[in-house]
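I have placed the structure first, in the form of structure tokens, so that the comments after it can refer back to it.
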Amino acid sequence: MFNSLSDRLAATFKNLKGKGRLSEADIDATAREIRRALLDADVAVPVVREFISHVKERALGEEVSQALNPGQQIVKIVNEELVAILGGETRRLNLAKNPPTVIMLVGLQGAGKTTLAGKLSKHLKEQGHTPMLVAADLQRPNAVKQLQVNGERAGVPVYAPHPGVSSEFEDPSGDPVQVARNGVAEATAKYNDIVIVDTAGRLGMDAELMQQAADIRAAVQPDEVLFVLDAMIGQDAVATAQAFNEGVGFTGVVLSKLDGDARGGAALSVRSVTGKPVMFASTGENLGDFEVFHPDRMASRILD
Ligand code: GDP
């Protein structure tokens, strides 16, 4: 009957509008509902615990506005705190002073990196940039071809490790580090102002592939390393993000598959645990299914 958190909390307090300050009892009465809403949205358990204690601390003694009842007042606080943790403002890409800006994509296999590479390049092209894609995922047999198809759709050149495809360079070793390096060199030579390097994913926490991504990072010194995270993986998001943050290091997060049922609690978990902001959202299989991430919209989605 009451679907959203706001409805449920408002109902807890009926219509006691503007009743002085929030008490411990008011807050305790709502904590269970807030906890449930966050867990339903797949926010990690320890993150939920910390968040609730933070909200309690802030809410205690706060004046209830005349227009609201205590439940609504607490929803307002929860919403503001969510937006604050998610980063407040949208974090923009850090562009290099001396182009090309190098953006490297990392994440588990199937997370949506290759798809995102196409989407991001299209988005940047529409903003007047001249991006180039680099296919340094030599692990998955079809990844290079898939990136070439995405590049073609986006109208963006792709550096691929096959002589004669789009490059004067050759990568006879099939070494992804060398491919990444050559791709960036080609973009520099051709005055592409942004290079997006797609890297191999892994199904689990594979030490060898993690090292490969770390080696690519060291070789091309990216301005941004974007960790692409499938929003559907729910509670596993934290462990995955931590592994990539420690193994490779990243500067921002892209949440993919937000067109599904996932409510996006992973955004909150990853932000709290790694401190890294979510910057973009991927919302479908098509090139245009892409959004700049807005913390306030995500907060509403998590609390929906
Ligand atoms: P990669 O292994 O990380 O490069 O992942 P891919 O880009 O190949 O994506 C894996 C699968 O997920 C493909 O079938 C994509 O079409 C699909 N996919 C990627 N992003 C999204 C998204 O935002 N929404 C949906 N529904 N599917 C997606």
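Start at 1 and go down the list; that is how both ligands and their atoms are numbered. This chain uses plain numbering: 1 for the first residue, then up along the sequence.
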Is ligand 1 less than 4.0 angstrom away from at least one heavy atom of [X]?
X	value
Leu108	yes
Gly110	yes
Asp259	yes
Ala111	yes
Gly284	yes

Practice prompt. Report yes or no: does Asp137 contribute a side-chain atom to a donor-acceptor pair with the main-chain N or O of Gln139 at less than 3.5 Å?
Written response: yes
Discussion item. Whether the side chain of Arg35 engages the backbone of Ile52 through a donor-acceptor N/O pair (distance < 3.5 Å, no angle test) should be reported.
Written reply: no
Discussion item. Under 4.0 Å and counting heavy atoms only, is there anything from the protein next to atom 22 (C) of ligand 1?
Written reply: yes
Fill in: Passing option when Asp193 is tested against Thr188, Thr130, Thr101 for side chain to side chain donor-acceptor pair (under 3.5 Å)
Thr130
Starting from [atom], locate the nearest protein heavy atom and write down its residue, its atom name and how far away it is, to 0.1 Å.
atom	result
atom 4 (O) of ligand 1	Thr114 OG1, 2.7 Å
atom 11 (C) of ligand 1	Lys257 NZ, 4.2 Å
atom 8 (O) of ligand 1	Gln146 NE2, 3.1 Å
atom 5 (O) of ligand 1	Gly112 N, 3.0 Å
atom 27 (N) of ligand 1	Glu285 CG, 3.4 Å

Practice prompt. Specify side chain, backbone, both or neither for Asp198, according to which of its non-hydrogen atoms lie closer than 4.0 Å to ligand 1.
Written response: neither
Discussion item. Heavy-atom pairs closer than 4.0 Å: do any link ligand 1 to the side chain of Met232, the backbone, both, or neither?
Written reply: neither
Using a strict threshold of under 4.0 Å (side-chain N to carboxylate O), is an ion pair present between [Y] and [X]?
X	Y	answer
Arg58	Glu81	yes
Lys257	Asp230	yes
Lys56	Glu24	no

Worksheet, complete the sentence: Lys119 heavy atoms within 4.0 Å reach ligand 1 at atoms 23 (O)
Discussion item. Within ligand 1, which atoms have a heavy atom of Thr283 less than 4.0 Å away?
Written reply: 23 (O)
Worksheet item: Taking distance alone, with no angle check, do Thr115 and ligand 1 share an N/O pair under 3.5 Å?
Response: yes
Worksheet item: Taking both backbone and side-chain atoms of Gln109, is any N or O found less than 3.5 Å from an N or O belonging to ligand 1?
Response: no
Discussion item. Taking CD in Gln242 as the centre, count heavy atoms belonging to other residues, nucleotides or ligands within less than 6.0 Å. Is the count above 12?
Written reply: yes
Discussion item. As a test of understanding, state which of Leu105, Asn142, Asp198 forms a side-chain contact (heavy atoms from CB on, under 4.5 Å) with Thr114.
Written reply: Asp198
Discussion item. Under 6.0 Å between ring centres: does that hold for Phe227 and Phe244?
Written reply: yes
Worksheet entry | Side-chain H-bond candidate by donor/acceptor type, Asn182 with Gln178, under 3.5 Å | yes
Practice prompt. Check the pair Ile194, Met132 against side chain to side chain contact (heavy atoms under 4.5 Å, CB included), reporting the backbone distance first and the verdict last.
Written response: CA-CA 6 Å; Ile194 298 183; Met132 173 184 276; over 6 Å; no
